[in-house]
Amino acid sequence: LQYLLTGVQASTMSAPAGAETAPQAEKPSLAEVVERIGFGGAQLRAAALGGSVWLADGSELLLISSVTKAVAEEWDLSAFTQGLVVTVVFCGILLGNLSSGPGGSYFGRRQMIVASYTGIFAFSIFCAWSANIFQLIIWRFIVGYFIGLGQPAWLAISAEVTPSAWRLAMGSGTQALFVLGEIYSCFLMITDDPTLQALHWRWLLALGALPSLVMALASFAFLLQSPTFLAMQGRYEDAREVLVNMRDQNGAEDIALEFKMPSQPESRTSSGGFFDLLGRQLKVITGNKLFFPTVVVMYSCFMVNLAYYGCLFAFPQVLAELMESGAASQLLVGALWELPGMVAGFAIGVAYFRKTGLKFYLTLQTSFLLLFVIAAKKYDAASTFHNIILYISYYGIKLCPQIGFVLLYQVANEIYPTEARTTGCAMCMAGGRVASMTSPLIYEAIVQMTGSWLWFFLIMAAGCILNLYVLDIVPETANALLSDDIEDQPGVKLHGDKAND
């Protein structure tokens with residue numbers, strides 16, 4: 001375990017002669033060296049090894065939801081207990097997200113990813129061996145914890161090893177692996193029972209954990225540590241060795257690798273203790289420059305998760321009420337519209353600034369929500385026009401959150417300096433996890449108070465409009481180099497500064 005947490009120690013490769021004799025002020029920053037190395041095999045390897053945390057997430061979450069009925073029939077569970085089996089997973093993910101931030105800064109981003117894969121596999125097997133519902137709930141919570149542990153760490157390491165022009169492609173491409181995980185789980189369930197009425201849930205949970213086992217072994221052997229993390233720890237030689245590896249894989253042998261070390265790296269090492277490091281990170285995140293941007297990004301993550309998971313819970317009930325037949329097939333079609341949403345998120349992020357893309361997504365999301373309310377309020381199944389409007393708004397609601405996920409998680413990485421990047425990103429993701437946990441409760445509460453599910457979509461539209469107006473607080477980070485210090489963050493300013501107005 002100690003080896004897993006601390007990683008392979010110092011390399012035998014030394015810096016070239018003269019590397020330390022050149023004045024620090026004349027050397028480029030580490031982020032500039034990453035830009036010069038460019039995009040290639042090194043980033044693709046990192047995406048396959050680290051980005052598969054999304055694949056594990058998609059596979060596990062779909063299986064957990066799908067086998068709940070089979071578990072309930074075996075143990076005669078109440079409806080509340082069935083829901084609890086799924087809810088505890090999101091509770092675990094929330095705690096894992098919060099733990100990944102300080103853990104990734106103290107032990108390393110790589111270690112969090114390897115631990116995530118290992119924990120998902122081990123405790124999924126324990127789930128398959130559960131003797132009763134209490135054991136299953138405990139193990140599912142821990143599986144959720146390890147799912148959440150890897151996500152912020154991967155978002156941080158992907159941003160730190162990828163040139164600025166390619167960061168969005170890296171983020172959206174790896175998030176698409178979530179769908180690949182869902183496809184894997186669907187294949188398992190179709191093979192077991194195409195009707196989904198008599199699933200062998202223990203066998204499915206065990207098979208669903210196999211990708212995590214494969215990725216745990218592969219990432220432990222081949223995933224490189226973030227050179228930015230190593231530099232912040234004062235480990236110049238180790239950071240340079242990672243850069244040599246990246247340069248060789250990308251075929252950029254002519255690129256010089258000497259870089260300027262962060263200022264006072266000794267104050268950022270783990271020798272001060274885990275909680276001292278966490279305290280420094282929280283001081284940066286809640287400080288004068290980043291407090292309000294952090295609150296806005298957390299709220300934005302809450303809204304996009306509420307739209308995604310709230311509608312995931314609501315649409316099976318809403319469509320069944322609106323349509324006499326075909327509701328199940330429409331759920332499948334709606335899920336397929338998520339893939340174009342990821343592609344759209346990437347295209348918008350490349351063509352426009354981050355905030356422009358987010359404003360476009362929020363405007364589109366609000367429009368589709370209001371259009372769905374109008375169409376559902378006056379819906380006539382016999383009217384072709386009403387059907388067209390209803391389906392367009394429904395598919396739009398399924399597509400838009402994926403645009404938000406791609407752009408928001410990228411912004412959550414880019415607004416923070418290196419020391420606080422994993423913790424800041426984890427806090428933003430945690431804001432979203434609160435929505436994923438509470439969205440069924442919010443939906444049921446609104447329906448109970450108002451007597452209509454239309455108000456749920458209206459309230460979400462109002463939340464998106466508010467999100468649209470507060471988004472300008474977030475600094476613009478498109479194509480900006482990542483920085484080690486808060487003073488160098490692109491677009492970040494003290495309240496009252498006019499330099500970036």
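Here the structure is a predicted model, which means the values were calculated and not measured. Just the heavy atoms: all of them, side chains too, but no hydrogens, waters or symmetry mates, feed the values below.
Residues T87 and F90 form no side-chain contact, since every pair of their non-hydrogen atoms from C-beta on lies 4.5 Å or further apart. Proximity of E160 to P227: side-chain heavy atoms (C-beta onward) are nowhere separated by under 4.5 Å. With a 4.5 Å cut-off on side-chain heavy atoms, M429 and S100 do not count as touching. Put simply, the side chain of S124 does not reach to within 4.5 Å of the side chain of L205, judged on heavy atoms. Between M437 and Y309 the shortest side-chain heavy-atom distance does not fall below 4.5 Å. Here the side chains of S439 and N305 are not in contact, with every heavy-atom distance at 4.5 Å or above. Between T228 and V161, every side-chain heavy-atom pair lies at or beyond the 4.5 Å cut-off. Between M460 and C311, the closest side-chain pair of non-hydrogen atoms falls below 4.5 Å.
Applying the salt bridge (Lys or Arg N to Asp or Glu O under 4.0 Å) rule to pairs touching residues 96-105 yields nothing, sequence neighbours excluded. Sorted by first then second residue, the side-chain hydrogen bond (donor to acceptor under 3.5 Å, both in side chains) pairs that include residues 43-57, not counting sequence neighbours, are Q43-N250, R45-N245, D57-Q151. Residue pairs satisfying the side-chain hydrogen bond (donor to acceptor under 3.5 Å, both in side chains) criterion with at least one member in residues 214-224, sequence neighbours excluded, are absent. Every pair passing salt bridge (Lys or Arg N to Asp or Glu O under 4.0 Å) that includes a residue from residues 119-144 is listed here, sequence neighbours excluded: E60-R140.
Residues passing the salt bridge (Lys or Arg N to Asp or Glu O under 4.0 Å) test with D248, sequence neighbours excluded: none. Checked against side chain to side chain donor-acceptor pair (under 3.5 Å), S116 has no partners two or more places apart in sequence or in another chain. Remark: I473 engages F292, P293, V296 in a side-chain contact (heavy atoms from CB on, under 4.5 Å) (not counting sequence neighbours). Residues satisfying the side-chain contact (heavy atoms from CB on, under 4.5 Å) criterion with A347, sequence neighbours excluded, are absent altogether. Residues satisfying the side-chain contact (heavy atoms from CB on, under 4.5 Å) test with L466, not counting sequence neighbours, are Y299, V470. Partners of K359 according to the salt bridge (Lys or Arg N to Asp or Glu O under 4.0 Å) rule, which considers only residues two or more places apart in sequence or in another chain, are D472. W166 meets the ring-ring contact (aromatic ring centres under 6.0 Å, His included) test with F39; sequence neighbours excluded. Residues passing the side-chain contact (heavy atoms from CB on, under 4.5 Å) test with T294 are I285, L290, M298, Y416, sequence neighbours excluded.
Between F123 and F146, the two ring planes are parallel [angle under 30°; tilted spans 30° to 60°].
Closest approach of G345 and L407 over heavy atoms only: O-CD2, 3.8 Å. Between G208 and P211 the shortest heavy-atom distance is O-CD, 3.4 Å. Between L177 and A47, the shortest heavy-atom distance links the atoms CD1-O, 4.3 Å. Counting all heavy atoms, side chain and backbone alike, F121 lies closest to A209 at CD1-O, 3.4 Å. Listed here is the closest heavy atom pair of V85 and V88: O-CG2, 3.3 Å. Counting all heavy atoms, side chain and backbone alike, C464 lies closest to L362 at O-CD2, 4.1 Å.
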Point to revise | Working for side-chain contact (heavy atoms from CB on, under 4.5 Å), residues F141 and L95 | key: CA-CA 10 Å; F141 174 83; L95 183 60; 3.9 Å; yes
Review point. Between C127 and V143, does a side-chain contact (heavy atoms from CB on, under 4.5 Å) hold up when you go through it step by step?
Key: CA-CA 9 Å; C127 288; V143 168; 4.1 Å; yes
Exercise for review: Test side-chain contact (heavy atoms from CB on, under 4.5 Å) on F126 and I142 and set out the steps.
Suggested key: CA-CA 10 Å; F126 288 165; I142 299 176; over 6 Å; no
Practice item. Give the C-alpha distance, both sets of side-chain angles, the deciding distance and a yes or no for ring pair (Phe, Tyr, Trp, His ring centres under 6.0 Å) between F360 and Y352. Key: CA-CA 10 Å; F360 175 78; Y352 302 98; 7.6 Å; no
Exercise for review: Would you sort out whether Q365 and V304 count as a side-chain contact (heavy atoms from CB on, under 4.5 Å), showing the intermediate values?
Suggested key: CA-CA 9 Å; Q365 180 78 51; V304 72; over 6 Å; no
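With rounding to the nearest 0.5 Å, the separation of CG in L44 from CD in Q249 is 9.5 Å. One finds the CG atom of N132 at 8.5 Å from the CD1 atom of I138 (value rounded to the nearest 0.5 Å). One distance of note links CH2 of W154 with CG of L49; it measures 8.5 Å at 0.5 Å rounding. If you take CG on N413 and CD1 on I415, they are separated by 9.5 Å, rounding to the nearest 0.5 Å. To the nearest 0.5 Å, atom CG of residue L30 and atom CD of residue E32 are 10.0 Å apart. Here the OH-CG distance, from Y184 to L63, works out to 8.5 Å after rounding to the nearest 0.5 Å.
The side-chain hydrogen bond (donor to acceptor under 3.5 Å, both in side chains) test with Q225 is passed by exactly one of R110, Q111, R109: Q111.
Distance alone, capped at 3.5 Å, is enough to place a donor-acceptor pair between the K355 side chain and the V474 backbone. Between the side chain of E476 and the backbone N or O of R354, at least one donor-acceptor pair lies under 3.5 Å. Without hydrogens or angle criteria, Y361 side chain to C400 main chain gives no donor-acceptor distance under 3.5 Å. Side chain of S105 to main chain of P102: no donor-acceptor pair is present (N/O by atom type, distance under 3.5 Å, no hydrogens or angles). Between the side chain of R202 and the backbone N or O of S130, at least one donor-acceptor pair lies under 3.5 Å.
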